[in-house]
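Only a predicted model underlies this, so the values are computations on that prediction, with no experimental measurement involved.
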Amino acid sequence: MSYLKKELYDLITNDNSIFDFIQESALDGLWYWDLENPEEEWMNPKFWTTLGYNPNDMPHKSNAWQNIIFPDDLAIAANNITKHLQDPNHPYDQICRYQHKNGSTKWIKCTGKAIRDKNGKPIRMLGAHIDITDLKYQEELLEKCNEAALIGYWEVDLIEQKIHWSKITKTIHETAQDYQPVLETAINFFKEGEHREEIISKFNDCATNGAPYDVRLQIVTAKNNIKWVRSIGQATFINGLCTKVYGTFQDITAEKKAKFALIKEKEKLQTVLEGTNLGTWEWNISTGSLTFNKRWAEMIGYTIKELEPISIQTWQNLVHPDDLKTSEEKLKDCFAKKIEFYDFECRMRHKNGEWIWILDHGKVISWTDDGQPLLMYGTHTDITESKRKFELNKQFIIQNPNAIAMFDKNMCYLACSEKWQLDYNIKSVYSEGKSIYELFPGSEAKWKKIHDECLTGVVKKSDEEKFFQPDGSIQWLQWEIKPWYIDQSKVGGVIVYTLDITHRKKTEEAFRISEEAFRGNFENAAIGMALLNESGKWIKVNQSLCNIIGYTEQELMQISFQDITHPEDLDADLKQLKELVAGNINFYHIEKRYICKNGEIVHIILAASLVRDDNQKPLYFISQIIDITPQKKAEEEIQSLLLVTKDQNERLKNFAHIVSHNLRSHSGNIAMMLDLLLYENKYLADNEIIQLLDTASKNLKETIAHLNEIVLMNTSINDNLVPINLKKSIDSSIQNLQALIISAHVEIQNEVQEDVSIKGIQAYIDSILLNFLSNAIKYRSTIYPPTIKLSLLNEENQLVLCIADNGVGIDLKQNGDKLFGMYKTFHGNEDARGIGLFITKNQIEALGGKVEIESELNKGTTFKIYFNYA
């Protein structure tokens with residue numbers, strides 16, 4: 001005995017906690033029964049908790065558990081105990097069902113061992129319980145799954161010599177569901193002879209040596225029908241004794257019949273194929289072995305003997321390397337059941353070194369139970385000659401000057417002409433083997449039905465059909481689709497021919513639209529329109545012409561155009577008309593007068609053209625008449641106004657001369673008096689007010705000089721623009737406003753660079769700067785320290801002067817559209833006259849610039865003034 005085992009025995013003997021640990025952890029219940037006093041039986045607490053009871057409430061009596069065990073299982077347990085007590089070699093081991101306190105069923109595996117006195121008399125019984133409820137539920141689920149899959153279950157209890165068949169097993173045997181099989185009768189269901197002998201041999205080997213088996217044999221059912229079944233068996237051993245053999249039972253009659261039928265079909269097919277002169281092959285996919293017939297070897301110039309030993313590698317060595325990859329992809333699709341047939345054209349090397357074309361056609365004819373391909377059968381056809389013809393056809397298609405394409409049966413491109421690629425703009429994406437539906441998404445809905453019809457041998461065509469392109473344009477096509485043939489009867493695909501007739505249709509459509517448009521324009525035109533014959537008689541007139549001259553259509557039909565033309569204008573009109581008839585001109589425009597029905601004169605512009613027949617003979621004149629009487633009256637008014645304006649302009653010039661001359665005199669007097677004051681009072685030279693007055697006097701003199709230059713200009717402003725240093729102009733304007741700046745405590749930041757020059761007139765630039773700066777000072781902030789910042793931007797090849805302040809701002813939503821209007825004011829200032837911004841805007845635009853504004857109330861205003869670079 002191992003010292004550890006002895007040590008464990010000692011621990012159990014001396015330490016009760018060890019025994020408690022074993023019974024709580026290793027078992028779901030432990031029991032000890034006094035056979036001399038059968039009512040006394042000790043059940044450990046875990047047995048009761050497993051069944052949902054409180055161990056403290058349960059008596060240690062045998063009838064306590066006998067009341068909750070299933071009656072059928074109690075009888076089996078009693079029978080097993082009796083046999084075990086009589087024979088120690090008979091194991092006490094069975095599965096019993098107990099009712100849980102909550103009403104559910106608990107499956108308990110119950111084992112036991114009788115404890116005997118020295119005479120062998122059993123006096124006690126020690127046993128253990130194991131909860132196998134979850135296991136039984138799994139067995140029941142498995143049973144249901146087997147029923148769903150039509151797989152039966154069977155079990156042979158060698159201890160009890162009983163057989164159990166599931167419902168499906170009984171159904172396969174065609175027995176009643178209450179049928180109780182025994183070992184002898186179960187074996188006798190197997191067909192007498194080799195089938196029965198094999199099952200007996202397999203069963204005995206399994207029960208004796210534990211060898212599992214899986215056999216396919218025939219049985220004769222209770223209804224005397226013969227079936228093929230698959231029987232799987234395995235054994236359970238306890239203490240070296242086989243107690244049970246169990247397994248599954250499946251009806252495979254349909255599978256067997258299919259295999260037998262397949263073998264017959266294969267034999268029949270082999271006979272037929274041998275008469276067609278085709279090469280045949282049979283491939284065992286699982287082993288790789290390959291069988292070819294004599295004709296296959298002859299195709300490539302060999303005998304079968306020369307190629308032996310033959311395997312899949314033999315074929316792979318003969319096939320062109322470029323074709324192997326495609327073959328593998330097709331085989332994968334075939335094995336995955338994506339396609340039913342393996343159909344492939346490949347090149348194989350002939351014994352003489354040439355490549356020949358072979359059509360390889362095959363199909364998987366046998367599969368394993370788990371869906372894996374087992375056996376494949378096929379044929380080889382020499383298509384070298386037809387392939388050569390096919391390649392010639394492809395070259396014809398490719399080199400064809402028309403739009404033509406060749407497709408296989410799946411509508412994948414085999415070839416197409418360059419014109420086809422250009423017409424349908426697919427040159428960059430085209431490649432042989434691409435589907436037409438892939439290159440033209442959305443076309444399948446319209447064309448697939450037509451293509452499918454043509455693949456049956458039908459020719460389809462259309463003389464003209466309209467198509468909408470992806471970009472929304474319209475294309476007109478004349479098309480024809482016809483099948484091409486591999487041989488006299490087998491269609492290989494279709495050839496599609498198209499002719500783009502869009503230009504022709506557009507021309508026809510344009511002509512139709514032109515006719516309709518002319519008719520609509522003639523009748524609904526806002527101007528007068530008329531058709532006249534060669535003598536000047538009205539053929540057709542529209543309502544607008546009637547409205548212009550006051551005649552009805554019926555009245556005009558009675559007279560000619562000469563009758564309503566002003567006599568002074570008639571000769572000029574007739575002269576142009578003769579030139580038109582002679583073909584010297586194609587049309588003419590003339591301004592003339594019509595005499596209306598009421599005698600009034602209307603001024604019109606006449607546009608006339610001539611329509612001729614195919615022989616250039618005049619058919620009729622088309623006249624368009626525009627009433628310009630209001631324009632003529634307006635011209636007269638404008639001419640009158642021009643005369644008045646010219647006179648006023650001369651007056652203004654004289655006024656400007658007088659003003660500039662007089663102002664220059666007064667400014668000279670002021671400067672002279674200031675010089676006299678300083679001469680007599682030299683101490684005033686340092687007086688700040690006198691200095692400001694002196695500067696203002698000089699600036700006034702300079703401004704008057706600039707104004708005088710403007711007055712003296714006789715040409716346009718653009719001819720008198722000169723380069724002006726913007727920085728100096730700004731500094732000068734700031735100096736002029738110095739008194740106002742000091743009194744208003746305004747900070748001015750001039751960030752304009754020294755070397756910036758613009759095109760302008762100095763007087764305009766001074767006026768613009770003074771106006772914007774004085775306004776910024778006038779409308780300064782009363783909340784923040786007032787600031788004015790001058791800076792430059794470059795935009796659109798112009799220089800932008802930004803004058804930004806933090807003053808009261810302007811509500812642009814309310815006043816933006818009238819900001820630069822004359823006499824417009826926005827702040828209620830008493831000094832405001834609403835003329836400054838108006839004048840300033842006109843000055844800026846006169847210099848070829850523009851002005852923009854950004855403003856927000858109580859945050860400030862930024863004026864952007866655009867100047868041209870010098």
Side-chain angles (χ1 to χ4, degrees), residues 269 272-283 290-304 306-307 310-334 339-364 376-400 404-417 430-435 455 483-495:
L269 180 63
V272 172
L273 288 175
E274 286 177 0
T276 61
N277 205 27
L278 294 174
T280 62
W281 52 269
E282 183 177 322
W283 179 25
L290 198 59
T291 304
F292 290 108
N293 71 347
K294 178 182 174 183
R295 173 60 188 140
W296 175 84
E298 291 173 350
M299 285 181 187
I300 53 176
Y302 293 92
T303 64
I304 290 290
E306 287 178 300
L307 294 171
I310 297 173
S311 67
I312 189 63
Q313 189 62 47
T314 309
W315 180 81
Q316 290 175 343
N317 292 339
L318 292 167
V319 174
H320 195 288
D322 293 345
D323 297 337
L324 271 178
K325 186 176 179 182
T326 308
S327 173
E328 289 170 1
E329 290 172 357
K330 286 182 174 286
L331 283 171
K332 283 180 183 177
D333 288 344
C334 200
I339 54 175
E340 184 178 1
F341 293 99
Y342 165 77
D343 207 353
F344 179 54
E345 293 179 359
C346 64
R347 289 161 289 181
M348 297 190 74
R349 186 178 292 279
H350 195 275
K351 186 178 180 180
N352 62 14
E354 294 180 359
W355 291 103
I356 65 167
W357 281 94
I358 297 292
L359 173 60
D360 196 355
H361 186 78
K363 181 181 180 181
V364 178
M376 197 168 184
Y377 192 80
T379 62
H380 278 160
T381 308
D382 186 349
I383 58 169
T384 306
E385 189 59 32
S386 62
K387 197 70 177 175
R388 285 174 183 159
K389 291 179 181 178
F390 174 74
E391 288 299 322
L392 288 174
N393 288 336
K394 280 179 61 177
Q395 288 304 311
F396 169 77
I397 296 290
I398 292 169
Q399 297 172 17
N400 201 297
I404 187 168
M406 186 177 190
F407 299 91
D408 64 15
K409 295 181 75 171
N410 296 316
M411 292 310 296
C412 292
Y413 277 95
L414 297 173
C416 71
S417 65
Y430 167 77
S431 65
E432 189 175 327
K434 272 196 176 182
S435 168
L455 289 170
W484 62 268
Y485 292 85
I486 296 173
D487 53 35
Q488 291 183 346
S489 60
K490 186 177 180 182
V491 174
V494 297
I495 293 176

Original post:
Does any non-hydrogen side-chain atom of Glu345 lie less than 4.5 Å from one of Phe390?
Top reply: no
Original post:
Can you find a pair of side-chain heavy atoms, one from Thr384 and one from Glu354, that are under 4.5 Å apart?
Top reply: no
**OP:** Sequence neighbours left out, what passes side chain to side chain contact (heavy atoms under 4.5 Å, CB included) with Ser435? Give chain and number order.
**Re:** Cys412, Tyr437, Glu438
Subject >> Candidates Trp281, Tyr377, Phe341 - the one meeting ring-ring contact (aromatic ring centres under 6.0 Å, His included) with His361 >> reply: Phe341
**OP:** With rounding to the nearest 0.5 Å, note down the distance linking CE in Met348 to CG in Asp323.
**Re:** 10.0 Å
**OP:** Mind running side chain to side chain contact (heavy atoms under 4.5 Å, CB included) on Glu329 and Asp333 for me, showing each step along the way?
**Re:** CA-CA 6 Å; Glu329 290 172 357; Asp333 288 344; 5.5 Å; no
Subject >> Note, Ile300 side chain near Leu318 side chain (heavy atom, < 4.5 Å) >> reply: yes
Subject >> Distance, nearest 0.5 Å, that separates CG of Asp408 from CD of Glu432 >> reply: 9.5 Å
Original post:
Do any N or O atoms from the side chain of Asn400 and from the backbone of Ser417 form a donor-acceptor pair under 3.5 angstrom?
Top reply: no
Original post:
How long is the span from the CH2 atom in Trp315 to the OG atom in Ser327, to the nearest 0.5 Å?
Top reply: 3.5 Å
Subject >> Non-neighbouring partners of Lys363 that pass salt bridge (Lys or Arg N to Asp or Glu O under 4.0 Å), sequence neighbours left out >> reply: Glu340
**OP:** Run the numbers on Leu414 and Trp484 for side chain to side chain contact (heavy atoms under 4.5 Å, CB included), then give the verdict.
**Re:** CA-CA 12 Å; Leu414 297 173; Trp484 62 268; 3.5 Å; yes
Original post:
Got more than 12 heavy atoms from elsewhere within 6.0 Å of OH, Tyr485?
Top reply: yes
Original post:
Mind checking what makes salt bridge (Lys or Arg N to Asp or Glu O under 4.0 Å) contact with Arg388, not counting sequence neighbours?
Top reply: Glu385
**OP:** Evaluate side chain to side chain contact (heavy atoms under 4.5 Å, CB included) for Arg349 paired with Trp355, printing each intermediate quantity in order.
**Re:** CA-CA 5 Å; Arg349 186 178 292 279; Trp355 291 103; 2.9 Å; yes
Subject >> NZ/Lys332: more than 12 non-hydrogen atoms of other groups inside 6.0 Å >> reply: no
Subject >> Spatial distance of atom CG (Asn393) from atom CD1 (Ile495) [nearest 0.5 Å] >> reply: 6.5 Å
Original post:
From Tyr302 OH over to Lys351 NZ, what is the distance, rounded to the nearest 0.5 angstrom?
Top reply: 7.0 Å
**OP:** Can you measure from CD1 (Ile358) to CG (Asp382) and round to the nearest 0.5 angstrom?
**Re:** 5.0 Å
Original post:
Is it true that a side-chain atom of Thr381 and a backbone atom of Ile383 form a donor plus acceptor pair closer than 3.5 Å?
Top reply: no
